[in-house]
Amino acid sequence: MVWKGWSNIKYSDKFDSVFTAKMWKGWKKAKFEEELDPNFAEKIAQMPGCDRIYNCIQCGTCSGTCPMSVYMEYAPRKIIGMIRAGFKGEVLSSYTTWLCASCYSCTARCPKGIKITDVMYALKRFAIKEKMAPSKLPIPVLANEFFETVQKYGRNNEGMVVMKMYFKTNPTLPIRNLIMGIKLFIRGRMDVIQDKIVNRAQLHKILKSVGSGH
Amino acid sequence: MSYLYYPGCCCSMKATGKAYEESLQAVFNELNVAREELKDWNCCGATMYMAIDEMQAFGMASRNLALAEKQATDGDPQIVAPCSACYLVMNKTKKYMDEYPDIGKPINAALKDAGLEFKGTTKVRHPLDIIVNDIGLDKVRALVKKPLDGLRVASYYGCLMVRPYSEFDDASHPTTMDNLVEALGGEPVNWPLKTRCCGGSMTGTVEGVGLRLSYLLLNEAQRRGADVMITACPFCQTNLECFQKRIDRSVGGITQMPILFFTQLMGSAFGISDRKLGFHRLFVPFNRDKIRHHAEAAK
Ligand code: SF4
Ligand code: SF4
């Protein structure tokens, strides 16, 4: 293989064009101070792991190390800045938080010890609570399907969860991925039976008594 | 010390990562590691549960930690978590229960409610950590029957095994797996993307992004002359292996490369049969003699 540089990556999917359009819309928006939510930062800072957002020096290490930042409309550094400035609507309805793959590189490298991954998690939960999560993105749908399955049975069945997500977001995808499923199945790498734990009552008791906290 | 095996269910050791389970058991048998499965374990919550409900996510993972204490018969319980996500989530839960009383108190109370207790003695370990640090590379070296003969191996550590809560290796420049490869007689490939994200669940949700992240890893490893790549997580392996054809079709420029679990490569060097190591489950077949032949021809 001869290295041809980055130019041999083709950016031609539909996904990218949707993305770019969204990105420009985000940038063109101007905000007046009275439209901002001054308490937003405080609310985020209350969540465990997020208390240090005020220490951010906007150095950009997080954005630089983030493998997803090229696909985000606001990279992590900007998100932290926007939280502190009170851009609640933009932050919560953005794709950014959902594109965070929870890889923890930002958390491991931030010179101020800010747990950015936890901030992203907090934003995801906040967005769901305020019903502001982007509705067309499959990621929140998958997270929700996963959540429901695991909560009920104590264990996950990846094939089933992914299928449910496909049907809710893009019903043409199952057909495309059917071959992959069959290939996995032939190799004994696909589980079709929903696995359950025995003591589900115990698990449900734990989940019920911690309640739904944050 | 009791080792309690925790298979995990997300990209499971019983399904997509079946070859990982098979090879891990074979290698542990060879190394004489006594272990048993954690009884009635539940899902750790992975990286997604936390996105919906944090307290429940910690509650979920803490049940496993408590169950381990109950089951351990001699000494401190050590959960063996072969999936990087399980490893991270359970370590994080333990740490946060310790560090934040706001989390620790209600979780402990909830466990008590359900008839469990967590004293904080459970340790969560990755099999790689156990093999390199508990058993030691000397013992590994002594067991090698079919050395890798200079096979060029790119070790891919992925995100969650080395950062930010693990203690057994460096977060940016890990070396454990490379040392293991050397002990098996292989040649570790030095490449900079060892800990870069493989795309995780993105491959299922926003495929364009997920595939491109995996592409960068495959491309870089090949550019540095790797014959095979080894991983230590069922999710990374699936992303990098099963989607190779699709990556090649949509991005282009990669040749098919076998992606193994590090335990499969170990087993192969120990002379364990291919069937026992789950080689028949691979999408890109691994044939040691053929690859070596390639390498010699290239020289
Ligand atoms: S790395 Fe830390 S301090 Fe630097 S911009 Fe990111 S959050 Fe702020
Ligand atoms: S954890 Fe999320 S925000 Fe941080 S580097 Fe990884 S993908 Fe980017």
Side-chain angles (χ1 to χ4, degrees), chain A residues 1 3-4 8-10 13 15-16 47-49 67-68 71 99 101-105 107-109 121 124-125 128 137-140 142-144 146-147 150-151 154-159 162 165 180 183-184 187-191 195 197-199 202-203 205-207 209-214, chain B residues 9-12 14-16 18 40-43 45-56 58-60 63 96 100 102-103 106-107 109-111 113-116 159-160 163-164 171 196-197 199-202 204-206 208-209 212-213 222-223 242 251-255 280-281 283:
Chain A
M1 232 306 289
W3 170 245
K4 297 194 212 97
N8 64 352
I9 308 174
K10 288 179 218 130
D13 319 353
F15 181 68
D16 279 344
M47 314 248 184
M68 303 302 289
Y71 308 108
L99 281 175
S102 322
C103 77
Y104 290 85
S105 15
T107 304
R109 304 218 170 114
Y121 272 130
K124 287 178 197 177
R125 293 193 297 271
I128 292 178
L137 204 65
I139 305 168
L142 180 70
N144 211 35
F146 173 81
F147 174 78
V150 172
Q151 197 177 40
R155 281 185 201 170
N156 176 32
N157 182 311
E158 23 162 358
V162 170
M165 173 202 69
M180 176 64 81
K183 278 187 190 160
L184 284 168
R187 289 169 175 80
R189 289 174 68 165
M190 185 82 132
D191 214 352
D195 207 2
I197 61 168
V198 182
N199 204 343
Q202 185 182 51
L203 179 70
K205 206 160 184 186
I206 297 176
L207 294 183
S209 49
V210 293
S212 49
H214 310 284
Chain B
C9 55
C10 241
C11 210
S12 126
K14 309 275 180 206
T16 335
K18 194 138 192 179
D40 205 33
W41 54 270
N42 60 262
C43 174
T47 56
M48 267 180 275
Y49 207 96
M50 220 167 271
I52 310 283
D53 194 317
E54 189 175 46
M55 283 308 274
Q56 282 197 14
F58 287 135
M60 193 131 222
R63 179 173 175 267
Y96 276 38
Y100 299 94
D102 282 357
I103 295 174
I107 300 276
L111 286 173
D113 258 7
L116 287 168
C159 310
L160 307 179
R163 70 176 169 245
R196 204 179 193 276
C197 179
S201 58
M202 296 291 155
T205 46
V206 277
V209 173
R212 226 167 268 149
L213 290 185
Q222 288 182 350
R223 198 166 75 87
C242 304
V251 190
I254 52 162
T255 34
H280 56 293
R281 299 187 195 281
F283 277 57

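All heavy atoms count here, side chains included; hydrogens, waters and symmetry mates do not.
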Q: Sort B:Arg281 into side chain, backbone, both or neither according to what part of it lies under 4.5 angstrom from a heavy atom of chain A.
A: both
Q: Measure from the side-chain N and O atoms of B:Gln222 to the backbone N and O of B:Thr255, and report whether any donor-acceptor pair falls under 3.5 Å.
A: yes
Q | Pair A:Lys124-A:Ser102, side chain to side chain contact (heavy atoms under 4.5 Å, CB included): steps then yes or no | A | CA-CA 12 Å; A:Lys124 287 178 197 177; A:Ser102 322; 4.2 Å; yes
**Q.** Residue B:Ile107 versus chain A: region with a heavy atom under 4.5 Å
**A.** both
**Q.** Between A:Lys205, A:Arg155, A:Arg109, the one whose heavy-atom pairs under 4.5 Å with chain B are most numerous
**A.** A:Arg155
Q) Is it the side chain or the backbone of B:Phe58 that comes within 4.5 Å of chain A heavy atoms, both, or neither? A) neither
Q: For the residue pair A:Arg187 and B:Phe283, establish whether any side-chain heavy-atom pair is separated by less than 4.5 Å.
A: yes
**Q.** Pick from B:Thr47, B:Leu116, B:Asp40 with the largest number of heavy-atom pairs that fall under 4.5 Å of chain A
**A.** B:Asp40
Q. Got a second to check how far B:Thr16's OG1 is from A:Leu184's CG, nearest 0.5 Å?
A. 6.5 Å
Q) Between B:Cys197, B:Ala171, B:Gly199, B:Ala114, which has the largest tally of heavy atom pairs under 4.5 Å with chain A? A) B:Ala114
Q: Identify which part of B:Tyr100 has an atom lying under 4.5 Å from any heavy atom of chain A, answering side chain, backbone, both or neither.
A: side chain
Q | Best-contacting candidate, A:Pro138, A:Ala108, A:Gly49, against chain B by heavy atom pairs under 4.5 angstrom | A | A:Pro138
Q.
So does A:Phe146 get a backbone contact from the side chain of B:Tyr49, meaning a donor-acceptor N/O pair under 3.5 Å?
A. no
Q: Starting at CE of B:Met55, measure out to OG of A:Ser209 and round the result to the nearest 0.5 Å.
A: 10.0 Å
Q: Please determine, among B:Ala51, B:Pro164, B:Ser201, the option with the most heavy-atom pairs under 4.5 Å with chain A.
A: B:Ala51
Q. What's the spacing between B:Met60 CE and A:Ile206 CD1 if we round to 0.5 Å?
A. 9.0 Å
Q. B:Gly59, B:Pro106, B:Cys242: which one forms the most heavy-atom pairs within less than 4.5 Å of chain A?
A. B:Cys242
Q.
Report which part of A:Ile128 has an atom under 4.5 Å of a heavy atom belonging to chain B: side chain, backbone, both, or neither.
A. side chain
Q. Backbone N or O of B:Leu111 within a donor-acceptor pair of the B:Arg63 side chain at under 3.5 Å?
A. no
